[in-house]
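Down below is the structure, laid out as structure tokens.
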Amino acid sequence: MGYCVQPIDSHQIALLLRREKKRKMSPRHSWMANEGNLKFNWRPAAWVRTLVGITFNLPPPKRNKIKMHTIIPSSAISLKSLIRKRPPPGQTNRFIPVQCGYRFDSANTNASTVNTNGAPASNNFAGHVGASRADWQSSCAILASKVVSQQQDTEKTGGAGEITVVNGHKTLDLVPMDNLPKPLTITDLSPAPMHGSTLRVAYQGVPGAYSEAAAGKAYPNCEAIPCDQFEVAFQAVELWIADRAVLPVENSLGGSIHRNYDLLLRHRLHIVGEVQLPVHHCLLALPGVHKEYLTRVISHPQALAQCELTLTKLGLNVAREAVDDTAGAAEYITANNLRDTAAIASARAAELYGLQILAEGIQDDSSNVTRFVMLAREPIIPRTDRPFKTSIVFAHDKGMSVLFKVLSAFAFRNISLTKIESRPHRNRPIRLVDDANVGTAKHFEYMFYVDFEASMADVRAQNALAEVQEFTSFLRVLGSYPMDMTPWCPSREEKGRGKRESNTMLLMKFEFSPEFQKTKSLLSELALNPTLYLYEIKINNFVKEFKPRVRLSDVRCFEFAGGFDLESLSSVV
Ligand SMILES: O=C(O)C(=O)C[C@]1(C(=O)O)C=C[C@@H](O)C=C1
């Protein structure tokens with residue numbers, strides 16, 4: 001079945017918000033109904049509630065399944081409202097309809113399922129075939145009609161056949177066991193919704209953007225939902241249009257993506273994970289275009305910054321223009337048939353928008369990595385049995401050496417800080433300090449963002465934060481989440497240098513074994529998803545079976561998506 005994924009923009013979000021308000025429907029309710037997860041809401045411990053700075057006003061669990069269909073939002077969200085309007089004739093649409101590649105049947109190549117090039121688009125990340133929005137809507141409709149018909153049956157029969165009275169109290173509305181959601185366990189670090197549909201993950205950009213790849217790495221079977229701005233991705237999660245958002249926060253070459261730091265503070269989403277994505281940029285142009293024809297290069301400002309030196313080395317001293325995202329740049333060239341313009345984007349963007357790759361790996365450093373955070377409406381339960389990171393934001397109070405004192409709270413407890421970022425304090429950007437003798441000092445006021453390597457379940461972290469609270473006027477925990485420990489996936493060039501021979505040997509030795517093939521695909525899924533614990537057991541068996549037969553030094557890196565290091569996996573299990 002062909003399916004066209006369209007980016008959501010802020011206008012549509014506003015429309016949905018208004019509609020949502022009109023129906024006086026609380027998002028909390030819609031989630032509970034949608035996920036069928038009524039009984040399993042966990043209340044975070046008191047210290048989490050205090051530190052997260054958010055009141056968890058969970059309504060009492062409701063078990064009346066009739067309520068569920070009345071408050072399902074998805075069936076009411078029209079697909080149309082998620083599709084961007086076409087631009088007036090003569091004006092180019094910034095987001096032309098493209099086949100996102102999440103669901104594709106080659107037999108179906110109608111206008112909405114082909115890319116701008118007329119060619120069918122293809123998938124980029126393994127196993128990410130998810131239900132389309134249409135499927136999602138129809139499953140909600142089926143669920144709703146099921147509940148309505150059950151309700152009617154009950155009304156007709158007066159509830160016969162169902163136990164509705166217990167000890168004289170009409171309290172229970174029992175549902176067949178099969179329909180009950182599975183209880184959450186401690187391994188459900190970030191519980192996925194149980195509405196029977198795939199996880200919907202919002203990202204900024206259009207298909208082919210690195211953020212889409214990051215969404216696929218974080219949630220391998222997700223339905224990735226493109227959004228035209230970071231803010232829209234935040235709102236999509238807040239309005240239950242998406243279940244998660246995956247957004248970039250920093251790049252190893254270009255530095256912090258400040259906008260997302262500001263938005264983290266403005267919105268009430270929680271960081272539930274992180275993914276680090278190696279970013280290999282390509283220079284893309286229309287087929288037949290040579291480097292010499294180019295008069296400008298367009299891309300996301302981060303991507304332009306990451307390739308600055310290489311572009312100059314390639315002799316491309318041409319105009320460099322910033323656009324919203326890398327894949328959007330590629331799309332723009334194709335849509336406008338620009339033969340004098342190149343885009344910096346991914347190889348997948350080249351494939352999707354029918355461009356040729358003029359140069360590959362053009363980032364100034366081959367180990368270019370972007371760190372993305374995974375955002376959800378609910379925080380996850382912090383653990384101590386694997387490496388966790390905690391992100392906080394604080395504003396310091398008046399006083400001497402406050403920043404030093406705050407940082408010492410971590411240093412004295414041997415907690416490493418992995419990142420510190422400061423942003424202007426929007427409410428109070430300047431503090432004036434008058435000194436009658438020398439004049440007025442104008443102090444810039446900041447919000448400080450700190451990531452440290454400890455879980456909120458670790459007493460050291462709790463004590464450190466208790467101390468930090470003493471020196472700060474504002475403190476919020478943005479999230480405590482598993483660190484991305486996926487082994488380093490070297491770039492193609494690095495891999496070629498030395499390791500290829502041993503990898504090839506290993507693959508030759510085992511590739512004919514069906515068991516190996518099966519396990520290999522499981523492992524590649526794990527390599528792509530740092531939060532999947534289910535696979536640990538399977539890996540354990542794999543390691544047991546294969547370890548005696550191969551030298552670990554021979555199997556440093558497999559030649560499949562994501563790549564991983566067997567040695568570090570065996571230390572995980
Ligand atoms: O434009 C894209 O493809 C993005 O996903 C955005 C973004 C960013 O915001 O930094 C993500 C990764 C790369 O570092 C370049 C751009």
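Order of appearance sets the numbers: ligands from 1, and atoms from 1 within every ligand. As the structure is a prediction and not an experimental result, all values here were calculated from the model.
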Please name all residues satisfying side-chain hydrogen bond (donor to acceptor under 3.5 Å, both in side chains) with R423, sequence neighbours left out, ordered by chain then number. D262
Only heavy atoms of Q302, strictly under 4.0 Å: list the atoms of ligand 1 that pass. 10 (O)
Check: H300 N/O within less than 3.5 Å of ligand 1 N/O: yes
Would Y210 count as being in polar contact with ligand 1, using the rule that some N or O on each side must be under 3.5 angstrom apart? yes
Using 30° and 60° as the class limits, which term best fits the ring planes of Y293 and H290: parallel, tilted or perpendicular? perpendicular
Considering distance alone, does some N or O of Q204 sit under 3.5 Å from an N or O of ligand 1? no
Does the ring centre of H258 sit less than 6.0 Å away from the ring centre of Y261? no
Please identify which of these residues, E453, E250, E274, meets the salt bridge (charged side-chain N to carboxylate O under 4.0 Å, His left out) condition with K419. E250
Quick note on ligand 1: atoms under 4.0 Å from a heavy atom of Q306 include exactly 14 (O)
Do any nitrogen or oxygen atoms of H281 lie less than 3.5 angstrom from nitrogen or oxygen atoms of ligand 1? no
When you look for heavy atoms under 4.0 Å from ligand 1, do you find them on the side chain of I257, its backbone, both, or neither? side chain
For ligand 1, note which part of P248 has a heavy atom under 4.0 Å away: side chain, backbone, both or neither. side chain
Hey, mind stepping through L247 and F234 against side chain to side chain contact (heavy atoms under 4.5 Å, CB included) and telling me if it holds? CA-CA 9 Å; L247 298 169; F234 274 87; 3.3 Å; yes
Ignoring hydrogens and geometry beyond distance, is a side-chain donor-acceptor pair present between T198 and Y219 at under 3.5 Å? no
The one among T370, T326, V323, D325 that brings a heavy atom closest to atom 14 (O) of ligand 1: T370
With respect to S211, determine whether any N or O atom, backbone or side chain, lies less than 3.5 Å from an N or O atom of ligand 1. yes
Any atoms of ligand 1 less than 4.0 Å from a non-hydrogen atom of N251? List them with their elements. 14 (O)
Closest approach of A224 to Y203 (non-hydrogen atoms, all atoms of both residues): CB-CE2, 3.6 Å
I'd like to know if E212 contacts ligand 1, where contact means a heavy-atom distance under 4.0 Å to any ligand atom. no
Atom CD1 in I344, atom NE2 in H281: separation rounded to 0.5 Å? 7.0 Å
